[in-house]
There are 2 protein chains.
Amino acid sequence: VHVAGTRGRRPAGSGTREAIVAAASRAFAEQGYPRTTLRGIARDAGVDTRLVSHYFGSKQQLFITVVDLPFDPDLVMPALLAPGRGGVGFRLAAFAVGVMQTPEARRTMTGLLRAAASEEEAAVLVRDLLMERLLGPLARHLGGEDPELRASLAASQVAGLAFARHVVGLPRLASATPEELAAALGPVLEHYLTGDLSPAAP
Amino acid sequence: VHVAGTRGRRPAGSGTREAIVAAASRAFAEQGYPRTTLRGIARDAGVDTRLVSHYFGSKQQLFITVVDLPFDPDLVMPALLAPGRGGVGFRLAAFAVGVMQTPEARRTMTGLLRAAASEEEAAVLVRDLLMERLLGPLARHLGGEDPELRASLAASQVAGLAFARHVVGLPRLASATPEELAAALGPVLEHYLTGDLSPAAP
């Protein structure tokens, strides 16, 4: 169905970029990465497909552009580490669980997980985005020995919680309060970010 | 393309059930849950679609049937707990990381994660399967206070590691050795399964 005629084509400029970003956000969220097409986004935004390519290049670049983290990692990471390394895992646990209480953050997080699981092309985009905007800054501010392993382990737990709670919907995680989850995760992220990662098993 | 003619239809019986299961395993792994159809499975197995429905009912039931855990939870859970509750998290970490070194287990695990992320219908199936075959047995054998929360938190970390390492492909987790990962996860799973889950943050 070609609806451009009923909506009217939008001339270039005049909020075109914003209209494309809004249409792309809806498409990725509702249809998932593999089923989303530049043509469908253009139709929904009321513009020519070539205009979408002109502004954003490929579907991959458009996806990266519309992922809107609900916080600024360049502000959050230093703030989490400002009181010192001790306790950073507890603060990260409270922050991550708290952020995911907002519907926007939950949508962004589950959208990234779903995209990564959909096809290899999207997994690469998600990996680059996570590394550049979350794990990289966390590892840099953390410093010390093997900070990338530490940040990656912490990310695996935060992503795993989001997946188990909001995608799979494990009942006892869906029913847990944010306080319960932050308390359970605190010592774990503290261990990953600051603890001894190679102790002998007892 | 209708290839039944070239392969020849298989009569009912004579390995039909096995042929359907094999075709379904391939289809779910290669095309993902949403794109897999009973018609395509029937064609690949060289049987009539009605025969697939006759043996397995719906696509959902067929999916559950072909998920082949690479171990028997009814044997593994008691074995992990046999030496006592103390250390069960360390033993689970070594077991989970070790199992995922085999390609079959990794394929099953990532297949479940991808299916759960694909659509709500599949997420419900994965949730029920996890609860019934992994979390339920673990919680029952663990006993004590709030074992379902404990088992669910442990599952979120194991699933999160599989996701971050094998689906997203975070570089420092992809390059980690099984020993490194088991050592890092041991104290975490021990905390979730046996520790105090509601300590005050320091």
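We name chains A, B, ... by the order of the sequence lines, and we start the count at 1 in each one.
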Tell me, out of L170(B), L149(B), V167(B), who's got the most heavy-atom pairs with chain A below 4.5 Å.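 Result: the option with the highest number of such pairs is L149(B).
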Largest heavy-atom contact set with chain A, pairs under 4.5 Å, which of S156(B), P34(B), G86(B):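 Ranked by heavy-atom pairs under 4.5 Å with chain A, first place is S156(B).
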Do you know which two heavy atoms are closest between L113(B) and F163(A), and how far apart they sit?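 Minimum heavy-atom contact is O-CZ, 3.3 Å.
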Considering non-hydrogen atoms only, spot the tightest contact between A184(A) and H191(B) and give its length.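 It is O-NE2, 3.0 Å.
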Non-hydrogen atoms of chain B under 4.5 Å away: do they reach the side chain of L125(A), the backbone, both or neither?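 For L125(A), no heavy atom lies under 4.5 Å from chain B.
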Run L153(B) and L185(A) through side-chain contact (heavy atoms from CB on, under 4.5 Å) and show every step you take. CA-CA 9 Å; L153(B) 286 166; L185(A) 253 65; 4.3 Å; yes
Can you tell me if [X] has over 12 outside heavy atoms packed within less than 6.0 Å of its [atom1]?
| X | atom1 | result |
| --- | --- | --- |
| R35(B) | CZ | no |
| E132(B) | CD | no |
| E145(B) | CD | no |

Between [options], the one whose heavy-atom pairs under 4.5 Å with chain B are most numerous:
| options | value |
| --- | --- |
| E180(A), Q157(A), R114(A), E148(A) | Q157(A) |
| A116(A), S118(A), G89(A), A164(A) | A116(A) |
| A117(A), P171(A), A162(A), S175(A) | A117(A) |
| L161(A), V124(A), D146(A) | D146(A) |

Select one option (side chain, backbone, both, neither) describing which atoms of L130(B) are under 4.5 Å from chain A's heavy atoms.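 Just its side chain gets close to chain A.
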